[in-house]
Amino acid sequence: MAWRLHSSLRVVLSAAIFAALPLAVAAEELVAYKITNKTSIENSLTGKPGDPVNGRKVAINRKQGNCLACHALPVPEQPFHGEVGPDLSAAGSTLSEGAIRLRIVNPKAVNPDTFMPAFYRNDGFTRVAKKFQGKTILSAEQVEDVVAYLMTLKGN
Ligand code: HEC
């Protein structure tokens with residue numbers, strides 16, 4: 001398989017070189033991923049399926065996924081759901097697992113003009129505070145947990 005030397009892999013390599021710098025510590029753990037047809041990431045970032053129960057928590061946590069800021073989800077205990085992005089209540093029946101994974105990892109690969117943040121991409125940002133450089137919003141495990149959660153959403 002022709003694996004491109006993806007930019008996140010380069011981040012990992014430079015993190016190894018600058019391993020003494022504390023801000024590079026999180027980047028060292030970054031997983032390289034492969035985008036297929038500009039539409040999906042087929043393989044789990046962790047190599048195993050995520051935990052949908054934890055994924056729900058990550059998705060609705062305002063300091064983690066914060067998906068409710070822009071999306072409606074079947075989460076009745078939280079009253080305010082955003083409308084900037086599409087309703088995700090049936091994401092698991094309308095989108096493939098790989099498409100959901102790419103959306104979460106790096107939605108700009110799908111739509112360069114999107115408002116949606118990249119949750120697992122730390123390169124290419126134009127203005128990133130020093131303390132966040134080399135860090136992603138979610139860990140690879142958290143991405144997979146949110147993917148697994150969205151795959152359970154089949155609408156009504
Ligand atoms: C700042 C707003 C914002 C946040 C936060 C956000 N999104 Fe999005 N999302 C969008 C927008 C806007 C779109 C519409 C497509 C586009 O812009 O390319 C979208 C599209 C999507 C899609 C594709 C839906 C479809 O039907 O094609 C998925 C899946 C998705 N988001 C998942 C998530 C998840 C999961 C989270 C939380 C981890 C999240 N989003 C957080 C704004 C956001």
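When a ligand or atom number is given, it counts from 1 through the structure's own listing order. Numbers for residues simply follow the sequence, beginning at 1.
At a 4.0 Å heavy-atom cut-off, ligand 1 touches V146 through the side chain alone. Of the heavy atoms in D113, none comes closer than 4.0 Å to ligand 1. With a heavy-atom cut-off of 4.0 Å, A99 does not touch ligand 1 at all.
For atom 29 (C) of ligand 1, the closest non-hydrogen atom of the protein is L95 CD1, 3.7 Å. In terms of protein heavy atoms, atom 12 (C) of ligand 1 is closest to V84 O, 3.6 Å.
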**Prompt:** Run the side chain to side chain contact (heavy atoms under 4.5 Å, CB included) check on Y149 and D51 step by step: do they pass?
**Reply:** CA-CA 7 Å; Y149 166 56; D51 168 9; over 6 Å; no
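Under the 4.5 Å side-chain criterion, counting only non-hydrogen atoms from C-beta, T39 is not in contact with V110. Here the side chains of H71 and D87 are not in contact, with every heavy-atom distance at 4.5 Å or above. A 4.5 Å side-chain heavy-atom check between T136 and Y120 finds at least one atom pair inside the cut-off. Taking 4.5 Å as the limit, every side-chain heavy atom of T46 sits out of range of all side-chain heavy atoms of V31.
Among protein atoms, those of element N, O or S found less than 2.8 Å away from atom 8 (Fe) of ligand 1 are H71 NE2, M116 SD.
Of all the heavy atoms in Q142 and Q64, the pair that sits closest is NE2-NE2, 3.5 Å. The heavy-atom pair separating E42 from S40 by the smallest distance is OE2-OG, 2.5 Å. What you find for V146 and A59 is that their closest heavy atoms are CG2-N, 4.2 Å.
Applying the 6.0 Å contact sphere to CD of Q78 captures more than 12 heavy atoms from other residues, nucleotides or ligands.
Every atom of ligand 1 with a heavy atom of N66 under 4.0 Å away is listed here by number and element: 5 (C). The atoms of ligand 1 that sit less than 4.0 Å from any heavy atom of F115 are 1 (C). Near N111, the atoms of ligand 1 lying under 4.0 angstrom from a non-hydrogen atom of the residue are 16 (C), 17 (O), 18 (O).
Residues forming a side chain to side chain contact (heavy atoms under 4.5 Å, CB included) with N111 (at least two apart in sequence, or on another chain): D113, T114.
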